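Here the structure is laid out as structure tokens; the discussion comes afterwards.
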Protein chains: 2
Amino acid sequence: MNAISEAKKGNAGETVRRVAREEGVAEETILAGLVSGRVVVPKNSSRAVEKPCGIGGGLRVKVNANIGTSREAVDPEAEYRKLAAAAEAGADTVMDLSTGGDLNAIRKAILARAGVPVGTVPIYQAAAAAAERRGRIVEMTAEDIFSAVEDHARDGVDFVTVHCGVISRIIETLRASPRLMGVVSRGGAFLLEWMLHHGKENPLYSGFDRLLEIALRHDLTLSLGDGLRPGCLDDATDPAQVEELVVLGELVRRCRAAGVQVMVEGPGHVPLDQVEANVRMEKALCDGAPFYVLGPLVTDIAAGWDHLACAIGGAAAAAAGADYLCYVTPSEHLSLPGEEEVRQGVVATRIAAHAADLARGNPRARARDRRMALCRRRRDWEGQVENSLDSQSARRYLKTTGEENKDYCSMCGEYCSMKILSRRIPLRDS
Amino acid sequence: MNAISEAKKGNAGETVRRVAREEGVAEETILAGLVSGRVVVPKNSSRAVEKPCGIGGGLRVKVNANIGTSREAVDPEAEYRKLAAAAEAGADTVMDLSTGGDLNAIRKAILARAGVPVGTVPIYQAAAAAAERRGRIVEMTAEDIFSAVEDHARDGVDFVTVHCGVISRIIETLRASPRLMGVVSRGGAFLLEWMLHHGKENPLYSGFDRLLEIALRHDLTLSLGDGLRPGCLDDATDPAQVEELVVLGELVRRCRAAGVQVMVEGPGHVPLDQVEANVRMEKALCDGAPFYVLGPLVTDIAAGWDHLACAIGGAAAAAAGADYLCYVTPSEHLSLPGEEEVRQGVVATRIAAHAADLARGNPRARARDRRMALCRRRRDWEGQVENSLDSQSARRYLKTTGEENKDYCSMCGEYCSMKILSRRIPLRDS
């Protein structure tokens, strides 16, 4: 049972039916997207996903929340609470990026608790295992890496980030066009360090066929990581980043030939005037594969507000065609997020995704905004709270002029423009 | 002494010199902008403005914060605290939109306390006076309106919003192309109601020469209000809005002929795919006059988070050429903001403005982000806090792994990609 091979036969299983229903599109649309590779439905064949989702062209823009321990902050229960917070705030997927504690146990617990597709970065586990057993990350073996991928797939992980595009020839590019920030992807840095130390090619590239074989066996979706994404605005859209994207395009075609679901990850730190170019470049080089962007952050100086800098970039990217936004929380660059930061990160990114859905003409998104506008016109405060993307925050700020008179708010008071002209100039209702 | 006539003579006074210095551009650039009308420097000839600013093409994108009482919330001291919060957070200008209490006293107090240019909407005062003296806003006279403008100019107000483009023929447009939300600008609604009641043209349009005369006498900058801005996404870029903009373009040319500084206000609620078009339309129809946008909000359902929806729209608008962003606070649509909401609104909008400055290639903005990137690379946490646009928030989230070892943060811990490759691959410093 593999999503693409079933789609080729025209078979919509329960997952595809559910995704089509959630999107309000025909099942055939999802099937055609799977066949062309423009849509992925990340779901491990061995896992039951309560709320599956489709990611790609023509569908609602999706939002991912990262959770997970670090070496310095190992509190699995806290991560499970963040998982619940992310789900409650409406994340479409979560990724477990744990690097501290009992990684196998944490991953299994998250898979058991999550109702949405779950992604991981197996290289973190391979690196942690090497550091533990052999004292240094660089002592990791190719076998460690593939074993980690295999373990994750067997446990039911729905998609994995694999930094296959960090290949040897790009090291020369990094030397020829030095960066301000170097390599900021942890997976990318582990692999580059390993390649430099051992003088060998990236195992995830040289052994890509093995990856395809594991993916096919478990119907694991590959998310081709951008190990060379820029870590500051100055490094955006530089030769190393673009060269990696060219490699990822080649690997997308190999995935498609093998019948493996694939998406492509993107930056990162990108000035607003380069965001659209980054999206169009991915769509062109990777034959329309779903584009999963981390941010992008449109400035480096928004520490404490990176969820907002990410919402600006994410909305622009998704309006230009990116399909899937990885959230950033207000504590990005400064500390692991807590539950409240997870909540804020998800809400901020969902607003960005929704703004892009509206820009892309998604009819359900437009209908929702229309309902909100009608509630506003009618001074229906309860309706406004209900129709808000984050009702909790809306309710917090709502102050009408008292229970007995809710016909205007404390902002404009009786000078309510909605009331002044309501009988003078006709309005429409749809 | 009038800024434009002095600029035509090539005279840079203290204000122009200061603005040029703050921007890092030549005085001649500011003078040329004033002469062409592509730049305004709002400053009443009778007022000393501690921190004047230039608004327009080639300059840093500016941010305005609205404060002021409402009929239901009259606490002048609270407004003065909001003024201080806005200034501390870095607002370039403030507008006093008070509609409740002793409007003259509040305005004078704000003018005395503000170090930045101050704007007002005199029609609010004319309406309040009419309601008080004659029982109904609609009993306001043309004389009330011009007297209010005159009073504000005499008090030292630097710029006023005047809804001159809400003219009779557009009433037919509103009937022919009905809106979902109608007219959401309070000034626009007051005037339309008055025009319909009395069957007369908008006094601010028919008496525009009188407005020009007042403006010239006090070197008051006119901000041509968008009384017909859309109040929901469905109404964006509709016939009434565009028709008003055509009228504003005509009035821009009359201002320029009279030597009066003028800028143009814009929407409002606009889907992301129409933001750039709105900016280009204003620049074309209004001969490059500085564009002052309220938001734009890119979705209607972000109640409680409208500062973020506004940051998305504001960044996109300013990257496309808008010059001046009016903030929106998290309590927009729900209640008057408090001090904390004012602070958040200013910070969010400044991040949007900065993202646009980067996109527009502003060299100082790029240098600042580069400094931040270098602090990140060096794990210089104090430097990161200092270089953050909102140091207060950055510090709140910062958790390093202890005083004794600040060489990595609690997010990635020892798996710091910055450290891993630092000796392997050369970096650049500028």
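Source: prediction; values computed, not measured. Just so we're on the same page: letters track the sequence lines, and every chain starts at 1.
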Can you tell me which portion of [X] sits under 4.5 Å from chain A's heavy atoms? Options are side chain, backbone, both or neither.
| X | result |
| --- | --- |
| B:Arg396 | neither |
| B:His197 | both |
| B:Asp390 | both |
| B:Asp234 | both |
| B:Gln392 | neither |
| B:Ala311 | both |
| B:Ser391 | neither |
| B:Ala128 | both |
| B:Ser185 | backbone |
| B:Pro271 | side chain |
| B:Ala352 | both |

Pairwise side-chain contact, [X] with [Y], heavy-atom cut-off 4.5 Å (strictly under):
| X | Y | result |
| --- | --- | --- |
| B:Leu334 | A:Lys399 | no |
| B:Val183 | A:Ile420 | no |
| B:Leu374 | A:Leu180 | yes |
| A:Thr299 | B:Ile351 | yes |
| A:Leu308 | B:Val347 | no |
| A:Glu341 | B:Tyr397 | yes |

Mind ranking [options] by heavy-atom pairs under 4.5 Å with chain A and telling me who comes out on top?
| options | value |
| --- | --- |
| B:Arg395, B:Arg175, B:Arg366, B:His333 | B:His333 |
| B:Val184, B:Leu174, B:Asp306, B:Thr329 | B:Val184 |
| B:Val298, B:Thr69, B:Leu196 | B:Leu196 |

Can you tell which of [options] has the highest number of heavy-atom pairs within less than 4.5 Å of chain B?
| options | answer |
| --- | --- |
| A:Ile425, A:Leu336, A:Asn387, A:Val385 | A:Leu336 |
| A:Pro178, A:Gly231, A:Gly100 | A:Pro178 |
| A:Arg376, A:His354, A:Arg71, A:Met372 | A:Arg376 |
| A:Gly187, A:Ala394, A:Cys232, A:Ala131 | A:Ala394 |

[X] side, atom [atom1]; [Y] side, atom [atom2] - distance, nearest 0.5 Å:
| X | Y | atom1 | atom2 | result |
| --- | --- | --- | --- | --- |
| A:Leu421 | B:Leu192 | CG | CG | 5.5 Å |
| A:Leu389 | B:Asp300 | CG | CG | 12.0 Å |
| B:Arg179 | A:Arg428 | CZ | CZ | 9.5 Å |
| B:Cys416 | A:Arg186 | SG | CZ | 9.5 Å |
| A:Leu398 | B:Ser335 | CG | OG | 7.0 Å |
| B:Arg424 | A:Met195 | CZ | CE | 12.0 Å |

Which atoms of [X] approach chain B - backbone, side chain, both or neither, heavy atom under 4.5 Å:
| X | result |
| --- | --- |
| A:Ile137 | side chain |
| A:Asp357 | neither |
| A:Glu332 | both |
| A:Ser177 | neither |
| A:Ala319 | side chain |
| A:His269 | side chain |
| A:Glu193 | both |

Go through the steps to decide whether B:Arg360 and A:Asp273 satisfy the test salt bridge (Lys or Arg N to Asp or Glu O under 4.0 Å), and finish with yes or no. CA-CA 8 Å; B:Arg360 290 157 73 143; A:Asp273 59 313; over 6 Å; no
Tell me if a side-chain donor or acceptor on B:Ser388 pairs with a main-chain N or O of A:Ala302 at a distance below 3.5 Å.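 No, the answer is negative, given that no donor and acceptor are paired below the 3.5 Å cut-off.
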Under 3.5 Å donor-acceptor, A:Arg377 side chain and B:Met181 backbone: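 Here the side-chain-to-backbone pair does not exist.
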Going through the distances and angles, do B:Leu233 and A:Leu358 end up as a side-chain contact (heavy atoms from CB on, under 4.5 Å)? CA-CA 9 Å; B:Leu233 261 57; A:Leu358 292 164; 3.3 Å; yes
Search all heavy atoms of B:Leu272 against all heavy atoms of A:Ala359 and return the closest pair with its distance.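 Nearest heavy atoms, B:Leu272 then A:Ala359: CB-CB, 3.9 Å.
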Chi angles and distances behind the side-chain contact (heavy atoms from CB on, under 4.5 Å) call for A:Trp305, B:Gln344: CA-CA 10 Å; A:Trp305 288 83; B:Gln344 290 187 30; 3.9 Å; yes
Flag the pair A:Arg370 and B:Asp235 as a salt bridge only when some basic side-chain nitrogen lies within less than 4.0 angstrom of an acidic carboxylate oxygen.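 Looking at A:Arg370 and B:Asp235, the cut-off is not met.
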